[in-house]
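One-based numbering along the sequence shown.
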Amino acid sequence: MSEAKEEVNSTSVDNGVESNLSNNSFNEDKYHGSASIEESAPTAAEMPKKPASAYVTVSLLCLMIAFGGYVCGWDTGTIGGYLNHSDFKRRFGQKHKDGTYYFSNPRTGLIVAIFNIGSAVGGIVWSRLGDIYGRRLALVWVTIVYTIGLVISISCKNDWYQYFIGRIISGLGVGGIAVYSPLMISEVSPKHMRGTLVSCYQLMMTLGIFLGYCTNYATDHHYSNSTQWRVPLGLGFAWALFMIAAMFFVPESPRFLIEVGKMEDAKISVGRSNKLNPDDPAVIAEVEFLAAGIEAERAEGSATWGELFSTKGKILQRTILGIMIQSLQQLTGANYFFFYGTQIFEAVGLADSYETAIVLGVVNFVSTFPSFYIVERFGRRTGLLWGAAGMVCCFVVFASVGVTRLYPHGKSHNSSKGAGNCMICFTCFFIFCFATTWAPTAYVIVSETFPLRVKAKGMALSTAANWIWNFLIGFFTPFITGAINFYYGYVFMGCLCFAWFYVFFFVPETKGLSLEEVNVMWEEGVLPWKSANWVPPDKRDASYNAEAMASDEKPWYKAVVGK
């Protein structure tokens with residue numbers, strides 16, 4: 001009797017899957033470009049959602065992939081401190097007439113920021129590696145490039161340009177890491193946890209920044225020789241080795257496995273990510289769904305860089321979105337504090353600016369944890385909008401106090417302790433707003449936006465924009481602050497106001513959607529401020545009006561206020 005019941009259940013499940021596979025298709029006239037993929041593609045059976053405790057293993061694997069963020073954060077957390085190390089100044093700085101050493105603004109900007117140019121180039125140069133050799137091997141290779149740069153930098157004696165070259169090469173590696181870590185996490189994680197797990201990349205970055213600050217503090221206070229900066233640099237080797245070793249334990253992207261014809265391995269990868277047996281009907285349906293889309297993309301030929309600028313399938317719009325979101329993440333002004341925090345708080349009269357940098361690192365790290373909840377509970381758009389609004393308020397206070405209250409008797413006299421404390425307080429509020437919203441969510445959005453066909457290239461170009469703005473802010477900040485001091489805060493405030501409006505009008509909500517469903521939503525032309533109510537085609541009922549999601553007769557200002 002139980003055997004018969006089992007057979008009936010099995011048959012009904014199989015029939016349900018077959019029904020799912022056969023009853024979902026899309027009209028070719030309605031969708032364009034890669035949307036035609038859906039014409040004959042099966043729709044994956046809904047993956048059962050389990051308690052978070054059931055995904056501990058998957059989360060740990062994604063955390064290992066996200067360790068690439070730690071490597072990026074470690075550089076951000078250490079480089080600003082190097083500039084204050086006495087031995088580093090003596091070896092690579094310039095000399096005043098009185099015999100003291102210093103870094104000129106151009107040399108400061110180059111040493112800090114050239115890393116970002118290397119990263120921008122690296123992200124683009126290595127964009128094909130993941131499509132040819134897989135995401136895991138691509139991450140191994142770019143991490144090796146990073147270590148080559150470390151070797152060049154750590155072996156420097158007195159030539160600042162050798163250190164400069166080492167940073168460029170390290171940047172080439174980190175640029176690839178910044179592309180493939182979020183990309184791989186987005187492809188191996190369950191869709192209802194994708195935002196949280198991609199945010200782990202930012203969490204690891206903040207941990208790297210924090211521990212970098214702590215290491216600088218320890219070496220500066222206990223050593224006066226090259227140990228001050230060579231120990232933090234040398235620890236970079238340990239992080240790189242861990243990253244390489246971790247790649248042998250994590251599953252390869254199922255989308256890549258399908259693309260190279262390894263269907264069984266793809267089932268194992270999907271099953272592992274969703275805590276299901278590889279032979280589970282939902283896993284089989286998911287793999288077949290992905291395979292149909294990949295096969296249709298393959299029929300269109302190899303993707304080119306020019307395809308990122310094609311309006312077919314709204315790829316150009318997505319490219320612009322990716323570039324803008326990554327650029328605006330830098331234009332929030334966060335790295336103004338992370339790169340030059342020790343110098344900024346030395347200016348407000350703190351006896352030990354390293355200690356304040358550590359406090360900022362703690363705030364940054366701890367504040368990233370709420371982002372896991374925010375990105376999945378409230379969505380991508382809402383988080384970015386509230387984050388931008390909060391950071392605007394913080395910069396208004398920070399800049400205003402710095403301009404009007406910090407030096408009540410002029411810069412030639414001591415700064416106001418109360419004003420300095422107020423600025424530090426609102427800096428912490430700013431970092432909280434940034435770390436809970438824009439810091440992780442920018443990577444989440446970019447990892448979800450592009451279709452598989454151009455995903456690596458799209459993410460590479462988007463993150464290149466991030467690195468370029470990172471360079472511009474890192475290089476020009478010493479010149480700008482030297483000219484306008486804390487008025488600089490108003491510049492970032494203006495950028496944040498623009499960011500709020502850009503998100504409202506151009507960034508759709510992708511919470512809870514599979515990557516394939518995100519692709520369909522883009523192709524349907526859904527208005528971003530209506531996207532939270534968009535329903536995938538296979539889940540719609542007769543009352544659903546798809547055309548209404550792509551048009552709005554209300555004036556834009558009514559859409560903004562929600563009327």
Taking [X] for the side chain and [Y] for the main chain, is one N or O donor matched with an acceptor at less than 3.5 Å?
X: K511; Y: R377; result: yes
X: K530; Y: A548; result: yes
X: S127; Y: I124; result: yes

* Can the ring centres of F432 and F429 be said to be less than 6.0 Å apart? ->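 Aromatic pair excluded; centres sit 6.0 Å or further apart.
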* Aromatic ring proximity F365/F369, centre distance under 6.0 Å ->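 When the ring centroids of F365 and F369 are compared, they turn out to be within the sub-6.0 Å range.
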What are the two closest heavy atoms between [X] and [Y], and how far apart are they?
X: V270; Y: V287; result: CG2-CG2, 4.0 Å
X: L360; Y: C428; result: CD2-SG, 3.9 Å
X: L183; Y: A456; result: CD1-CA, 3.8 Å
X: L328; Y: C495; result: CD2-O, 4.3 Å
X: I315; Y: P451; result: CD1-CG, 3.6 Å
X: S531; Y: V526; result: CA-CG1, 3.7 Å

Who passes ring-ring contact (aromatic ring centres under 6.0 Å, His included) against [X], sequence neighbours left out?
X: Y201; answer: Y443
X: F492; answer: Y336, F395, Y488
X: W74; answer: W239

Would you give the length of the straight line joining atom [atom1] of [X] to atom [atom2] of [Y], rounded to the nearest 0.5 angstrom?
X: T78; Y: L211; atom1: OG1; atom2: CG; result: 11.0 Å
X: I445; Y: L384; atom1: CD1; atom2: CG; result: 4.5 Å
X: T196; Y: I374; atom1: OG1; atom2: CD1; result: 10.5 Å
X: R381; Y: T510; atom1: CZ; atom2: OG1; result: 10.5 Å
X: N364; Y: L207; atom1: CG; atom2: CG; result: 10.5 Å
X: F434; Y: T332; atom1: CZ; atom2: OG1; result: 4.5 Å

* Applying side chain to side chain donor-acceptor pair (under 3.5 Å), which residue pairs with at least one partner in residues 173-186 are found, sequence neighbours left out? ->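 For residues 173-186: S186-K455.
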Could I get the full list of side-chain hydrogen bond (donor to acceptor under 3.5 Å, both in side chains) partners for [X], not counting sequence neighbours?
X: D541; value: S543
X: Y544; value: none
X: E187; value: R135, S253

Name all residues meeting the side chain to side chain contact (heavy atoms under 4.5 Å, CB included) criterion together with [X]; count only those two or more places apart in sequence or in a different chain, and write none if there are none.
X: S462; value: Q326, V446, F450
X: R128; value: D131, I132, K457
X: I320; value: L316, M324, Y502

Side-chain contact, heavy-atom cut-off 4.5 Å: [X] with [Y]?
X: W469; Y: L331; value: yes
X: L172; Y: V121; value: yes
X: R136; Y: V140; value: no
X: F430; Y: F398; value: no
X: T441; Y: S199; value: no
X: V71; Y: Y146; value: yes
X: V188; Y: P254; value: yes
X: S371; Y: Q202; value: no

* Asked: Taking the inter-plane angle between the rings of F115 and W467 on a 0 to 90° scale, is it parallel (under 30°), tilted (30 to 60°) or perpendicular (over 60°)?
  ->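 Rings of F115 and W467: perpendicular, as their planes differ by over 60°.
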* To do: Walk me through it: do W438 and V503 pass the test side chain to side chain contact (heavy atoms under 4.5 Å, CB included)?
  => CA-CA 11 Å; W438 277 82; V503 170; 3.7 Å; yes
* Identify which one of R453, R318, E524, K314 satisfies the side chain to side chain donor-acceptor pair (under 3.5 Å) criterion when paired with N519. =>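 With N519 as partner, side chain to side chain donor-acceptor pair (under 3.5 Å) holds for just one option, R318.
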* Starting from the C-alpha separation in whole Å, work towards a yes-or-no answer on side chain to side chain contact (heavy atoms under 4.5 Å, CB included) for F309 and L461. => CA-CA 11 Å; F309 304 98; L461 197 61; 3.9 Å; yes
* Can you name the residues that form a salt bridge (Lys or Arg N to Asp or Glu O under 4.0 Å) with E509, not counting sequence neighbours? ->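 Listed in chain order: nothing, the list is empty.
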* Pairing residues for R255 by the salt bridge (Lys or Arg N to Asp or Glu O under 4.0 Å) criterion, not counting sequence neighbours ->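 R255 satisfies salt bridge (Lys or Arg N to Asp or Glu O under 4.0 Å) with E516 only.
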* Asked: C62 and C200: side chain to side chain contact (heavy atoms under 4.5 Å, CB included), yes or no, with the steps?
  -> CA-CA 8 Å; C62 287; C200 287; 5.8 Å; no
* Mind running side chain to side chain contact (heavy atoms under 4.5 Å, CB included) on V198 and V375 for me, showing each step along the way? => CA-CA 10 Å; V198 172; V375 74; over 6 Å; no
* Partner of S119 under side chain to side chain contact (heavy atoms under 4.5 Å, CB included), chosen from I177, V179, N466, V174 ->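 Exactly one option meets the side chain to side chain contact (heavy atoms under 4.5 Å, CB included) with S119, and it is V174.
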* For W534, does the CH2 atom sit with more than 12 other heavy atoms under 6.0 Å from it, leaving out its own atoms? ->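 Yes, CH2 of W534 has more than 12 neighbouring heavy atoms, counting only those of other groups under 6.0 Å.
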